[in-house]
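Report on one structure; see the data block that follows.
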Amino acid sequence: MVFSSIEFLLFFLPLFLLVYALTPGKLKNVTLLSGSLVFYALGEPWSLVILMVSVAVNYFLSLHLGRRESQRSGNKRRNRRLEKRRRVLFAAAILLNLIPLVFFKCRVGEAGLPLGISFYTFQILSYLIDLYRNGQKGEPSFVVFATYITMFPRLLSGPIVYYSEVEKELHKREFTVKGVQEGLKFFTMGLASKVLLADRIGLLWQEVQVTGFESISTPLAWLAAIAYSMKIYFDFYGYSLMAVGLGKMLGFELPENFRTPYMATSVRDFYRRWHMTLGRWFCNYVYIPLGGNRRGEFRTVCNLLAVWFLTAIWHGSTANFLIWGMLLWLAIVLERQLKALGLWKYLEKGPGKWIAHLYVWAFIPITWICFAITDIDQLQIFLGRMFHVIPGIRVSVGDWQKALMNYRILFSVGIFACTAGIQKLFHKMKDTLPGMVILALLFWWCVWKLQLEGQNPFMYRDF
């Protein structure tokens, strides 16, 4: 089951909210846990066993990762022995979580990944690492721990939430009409981003795939790359907004996952704004522990390489993801060198800022094509058509003009929706009567579209 489906919108969510509202405060975690497991099972029943085994094993491990009271003051020799056991247990805990993830990533060609495994594994790892670092006791309640891992608003595609961000709400939160209303506004914006923008503009990418990459003109290749860039943004951004909205309905404040990435002026800036919770995870648990930028430029470049290599592998085991990650690493390293030479400052203000924007708008779609096309031969053909170095076969004259005419409104709306303007307008209008009427119309327009054309799964559902 996905958020952008008739079953979820008109059946699961209203029924769940009714039961949740009638549940006493002390039992709300039980209701949320039960509802999350039902939601997950309706999407892919066989994955539920893997999820619950992971939750049970990690709950047990977390109870033993914190330092015991006797270690704070007591026999030093005994404390060293206990600390050694903690290190061994911590290493075992990390391996027990990474091995299943790597196994399923490597066999993804044989069968699909268990739903959400990449996201809930990283969330569990953040919890275990923080416990080990801080020496704190693990959450004693299995229900609270399981709710934190499985809560359906963020289970399938994030955001990746630290335990400290929701610890207070997990133990005590309020369910209010105001919270439901506020959450519905964010949810509707996310739903519209997914159904009315991502799914519609993504049709151009599908048309180009059906046509065949060798049979498209260079301008159409670029239009398709831009369409895919918008599709993946509005799809994932839409999901994240829906997750934030659902969190608000249930009494949680989930972290922001996107911040107008296409308004960035560098690739490094882009990935500070894109999938922010994944970026901070790699920063906090890989980049900084390796030394960050504190040990010289060469070491920093190596640390960035490690981060982007792991980011690529996290997304998939095929070669195209490695190409995608290495392109981004090279761009970020080059930007660092230009900044060190004092040249990048000319692209940070005035007319130079527009050059920086154009650089991002040209480079990012190229990287997304490397992300999208898993077949290396087909990837070479598409990139060859983009740069007009591979001759086309039976290319229709004016194909790009026809595509631009058919999708001109979607491109125009999409470009505006990529700016901060749409967010400012939303926050300005969402609490006004006209704004609420528009949001209500958007919601039912999306429902009508889904009823008419069916659901289209979220792209990050497969990662």
Side-chain angles (χ1 to χ4, degrees), residues 1-3 33 36-62 89-129 145-146 148-161 232 235-236 239-240 243 257 275 277-279 281-282 285-286 306-326 370-376 379 456-463:
M1 184 186 294
V2 296
F3 298 159
L33 175 59
S36 298
L37 296 180
V38 170
F39 170 84
Y40 190 84
L42 289 172
E44 202 168 82
W46 73 271
S47 297
L48 183 61
V49 176
I50 298 170
L51 172 64
M52 290 313 299
V53 168
S54 178
V55 169
V57 169
N58 282 289
Y59 170 71
F60 174 79
L61 291 170
S62 69
L89 181 62
F90 175 66
I94 298 300
L95 287 174
L96 283 172
N97 282 281
L98 289 179
I99 288 173
L101 180 60
V102 172
F103 171 76
F104 285 113
K105 287 282 185 181
C106 290
R107 68 185 290 270
V108 71
E110 303 170 27
L113 284 170
L115 285 177
I117 188 171
S118 298
F119 290 91
Y120 69 70
T121 296
F122 268 34
Q123 181 151 309
I124 289 170
L125 287 174
S126 73
Y127 177 74
L128 296 177
I129 293 170
F145 176 79
Y148 163 64
I149 300 301
T150 66
M151 63 171 71
F152 73 86
R154 52 130 310 272
L155 176 59
L156 300 186
S157 297
I160 300 169
V161 183
I232 194 170
D235 189 283
F236 199 9
Y239 177 94
S240 296
N257 216 13
H275 203 347
T277 57
L278 179 65
W281 193 98
F282 277 109
Y285 302 116
V286 179
V307 166
W308 281 104
F309 175 78
L310 292 173
T311 302
I313 297 301
W314 183 86
H315 282 90
S317 58
T318 50
N320 66 298
F321 291 110
L322 190 60
I323 294 171
W324 168 76
M326 293 306 97
C370 298
F371 186 93
I373 304 173
T374 56
D375 186 293
I376 298 300
L379 176 59
N456 193 1
F458 290 96
M459 297 174 70
Y460 261 75
R461 180 179 180 271
D462 298 323
F463 292 103

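All residue numbers refer to positions in the sequence shown, counting from 1.
- Side chains of T374 and N320: a donor-acceptor N/O pair is absent below 3.5 angstrom, by distance only.
- Taking the six-membered ring where tryptophan is involved, the planes of W324 and H315 are perpendicular, since the angle between them exceeds 60° and thus also 30°.
- For the pair F321/T311, no side-chain contact is recorded, criterion being any heavy-atom separation below 4.5 Å from C-beta on.
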Assess the residue pair Y40 and Y120 against the criterion (side-chain contact (heavy atoms from CB on, under 4.5 Å)); give the C-alpha distance rounded to whole Å, side-chain angles, the decisive distance to 0.1 Å, and a yes or no. CA-CA 12 Å; Y40 190 84; Y120 69 70; 4.1 Å; yes
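- At distances below 3.5 Å, not a single donor-acceptor pair connects side-chain atoms of T121 with backbone N or O atoms of S118.
- Side chain of S317 to backbone of K105: a donor-acceptor contact under 3.5 angstrom is found.
- Side-chain rings of F282 and F122 approach one another, their centers coming within less than 6.0 Å.
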Residues 91-102, side-chain donor-acceptor partners within the protein, below 3.5 Å, at least two apart:
from: N97; atom 1: OD1; to: N58; atom 2: ND2; distance (Å): 3.0
from: N97; atom 1: ND2; to: N58; atom 2: OD1; distance (Å): 2.8
from: N97; atom 1: ND2; to: A93; atom 2: O; distance (Å): 2.8

Could you walk me through whether L156 and F119 pass the side-chain contact (heavy atoms from CB on, under 4.5 Å) test, one step at a time? CA-CA 7 Å; L156 300 186; F119 290 91; over 6 Å; no
Apply side-chain contact (heavy atoms from CB on, under 4.5 Å) to I117 and F104, showing your working. CA-CA 9 Å; I117 188 171; F104 285 113; 3.8 Å; yes
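- Proximity of the aromatic rings of F3 and Y239 is defined here by a centroid distance below 6.0 angstrom, and this criterion is met.
- The closest side-chain heavy-atom distance from W46 to P114 is below 4.5 Å.
- Note on ring orientation: taking the six-membered ring where Trp is involved, the planes of H275 and F236 are perpendicular (angle over 60°, cut-offs 30° and 60°).
- One distance of note links OG of S36 with CG of L155; it measures 7.0 Å at 0.5 Å rounding.
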Let's go through Y127 and I149 carefully: what are the C-alpha distance in whole Å and the side-chain angles of both, what is the deciding distance for side-chain contact (heavy atoms from CB on, under 4.5 Å) to 0.1 Å, and is it a yes or a no? CA-CA 10 Å; Y127 177 74; I149 300 301; 5.6 Å; no
